[in-house]
Amino acid sequence: MLVYPSSIDLSSRTLRFLTGQLAMRRHEIGTRWRRLPAARQALLALAHLRCGDTYAQLAAGFGIGIATVCRYVREAVEVLAALAPTLTEAMKTIRTKAFVILDGTLLPIDRVAADTPYYSGKHKRHGMNVQVLADPFGRLLWASPALPGSTHDLTAARQHGIIDALADAGLKCWADKAYQGAGRPVRVPFRGRRLKRWKRRHNTTHARIRCVGEQAVATLKSWRLLRKLRCSTNHITNVVKAVLVLHHAST
C-alpha cells in the first residue's frame, strides 16, 4: 500500500489539548506501554474525526493494526465525550447571549432501507437528528445527543429539554417552520402561501436573523466524519460530543 503525507486543517492547540487529555487517561489507568505515544494517538484520532480517514487508511499511515486504530479512536472519543457540557451546563454561557438560534440537522449514516426509524422523510435519506444552538453571530454553542432521523425537529427539541430550558432562562430564540407550536421562547416565521404584506416582511426579517445559524451546522459538518457516519448508531452521540469539545478547545 502506498502512503503519502497529508495535513489536517486544525491548529496545534487542538492537538496539544487532546494529547494532554489522553496522557491523563493513560496515567489514570496505569498504562505502561503503547504502540503509539499520546501525541501520535491524538493525531490519529484527529485525522479520523476531521478528515474522515478510515481505519484501514490510518493503520497504513501509522504502521499499526486496524484493531489498534479502532481502540485508539474509541478511547479518544470517549475521553472527549466525557468532557462535553450538558444542556444545563451550556445554559450558563447561553444565558449571556442576547438571543440564540435553534436549528436541526441530519447526520447521514450508512444504513439499509429496512432501518425505518433512521429514515428522514424530509431529507429522503437515513441519518441521525441533531439539534444545534448558535449565538447571534452563528457560532456553535451546543449540540444535542443524536436521535433517529425520523424524529421531527420539534419533538427532538422537546425531548432534549431545549424548549423548557430557553423558557426558564427567558431567552428569545429564532427557528424555522419546523418548530411551529414550540411556544413563547421560540420565534418562527408565518406559514402559508398568500400572506399579508406585513407577514411577508416579518418572514424576510426572520430569515435574515435565522440564516446565520446555518454557520453552526456548517461548523459541525466541517468535521468530515459527520458527513457520512459508518459506525454504530450507539456511538454517534459520543462522536458529536467529541467534536463539540474539540471545536471549543480550538476557538
Side-chain angles (χ1 to χ4, degrees), residues 85-109 116-223 226-227 240 243-244 247 251:
T86 63
L87 178 59
T88 302
E89 294 169 342
M91 285 303 297
K92 296 177 182 178
T93 301
I94 295 173
R95 287 173 186 270
T96 64
K97 307 299 179 181
F99 64 88
V100 292
I101 302 170
L102 173 62
D103 199 4
T105 186
L106 187 80
L107 303 181
I109 61 173
T116 305
Y118 299 99
Y119 184 78
S120 169
K122 175 183 177 181
H123 297 88
K124 307 299 181 183
R125 65 189 308 175
H126 293 82
M128 301 294 286
N129 181 299
V130 173
Q131 299 296 300
V132 174
L133 285 173
D135 71 4
F137 300 99
R139 291 179 295 225
L140 177 62
L141 295 174
W142 184 76
S144 73
L147 293 175
S150 61
T151 308
H152 192 274
D153 281 339
L154 179 57
T155 302
R158 284 174 171 165
Q159 187 168 333
H160 295 309
I162 298 173
I163 307 300
D164 291 338
L166 293 174
D168 293 341
L171 269 174
K172 297 178 182 178
C173 173
W174 268 256
D176 59 24
K177 295 178 181 179
Y179 298 90
Q180 288 278 353
R184 180 182 296 180
V186 182
R187 298 188 175 188
V188 296
F190 291 105
R191 301 184 67 176
R193 295 182 178 180
R194 298 180 179 179
L195 296 175
K196 295 182 179 180
R197 184 175 301 175
W198 71 269
K199 289 185 177 181
R200 292 199 301 269
R201 288 199 301 266
H202 173 273
N203 283 0
T204 300
T205 304
H206 185 281
R208 289 173 181 170
I209 297 173
R210 188 194 61 79
C211 70
V212 181
E214 297 292 340
Q215 296 179 22
V217 175
T219 297
L220 198 63
K221 292 189 176 181
S222 65
W223 298 78
L226 297 181
R227 297 178 187 177
V240 173
V243 166
L244 181 65
H247 168 70
T251 55

What heavy-atom pair brings [X] and [Y] nearest, and what distance separates the two atoms?
X    : Y    : value
A216 : A134 : CB-CB, 3.6 Å
L226 : P108 : O-CD, 3.7 Å
Q131 : G104 : NE2-CA, 3.7 Å
S144 : V240 : O-CG1, 3.9 Å
T93  : T96  : O-OG1, 2.5 Å
V188 : H202 : O-CE1, 3.9 Å

Answer yes or no: does atom NZ of K172 have more than 12 heavy-atom neighbours from other residues, nucleotides or ligands under 6.0 Å?
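Atom NZ in K172 is not packed in, count stays at 12 or less.
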Are there more than 12 heavy atoms of other residues, nucleotides or ligands under 6.0 Å from atom CZ of F137?
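Count not over threshold, so no.
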Once rounded to the nearest 0.5 Å, what's the spacing between atom [atom1] of [X] and atom [atom2] of [Y]?
X    : Y    : atom1 : atom2 : answer
E214 : D176 : CD    : CG    : 8.0 Å
C173 : K97  : SG    : NZ    : 14.5 Å
D103 : L133 : CG    : CG    : 10.0 Å
L154 : I163 : CG    : CD1   : 6.0 Å
T204 : K199 : OG1   : NZ    : 14.0 Å
L141 : L87  : CG    : CG    : 11.0 Å

Keeping [X] on the side-chain end and [Y] on the backbone end, is there a donor-acceptor pair under 3.5 Å?
X    : Y    : result
T205 : R201 : yes
W142 : P85  : yes
T155 : T151 : no
R191 : K177 : no
H206 : A175 : yes
R227 : K221 : yes
N203 : F190 : yes

Hey, does [Y] have a side-chain heavy atom less than 4.5 Å from the side chain of [X]?
X    : Y    : answer
K122 : D153 : yes
L106 : R125 : yes
P145 : H160 : yes
L147 : Q159 : yes

Does Y179 have its ring centroid less than 6.0 Å away from the ring centroid of W174?
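No: the rings miss the under 6.0 Å criterion.
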Can you sort out the partners of T86 under side-chain contact (heavy atoms from CB on, under 4.5 Å), two or more places apart, ordered by chain and number?
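Residues passing side-chain contact (heavy atoms from CB on, under 4.5 Å) with T86: T88, E89.
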Trace of the ring-ring contact (aromatic ring centres under 6.0 Å, His included) decision for Y118 with H126
CA-CA 5 Å; Y118 299 99; H126 293 82; 7.9 Å; no
By side chain to side chain donor-acceptor pair (under 3.5 Å), which residues pair with H152, not counting sequence neighbours?
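Expected list: none.
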What's the verdict on side-chain contact (heavy atoms from CB on, under 4.5 Å) for R187 and F99, showing C-alpha distance, side-chain angles and the deciding distance?
CA-CA 11 Å; R187 298 188 175 188; F99 64 88; over 6 Å; no
Of R139, Q215, R210, the residue whose pairing with I101 passes side-chain contact (heavy atoms from CB on, under 4.5 Å)
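The option that passes is R210.
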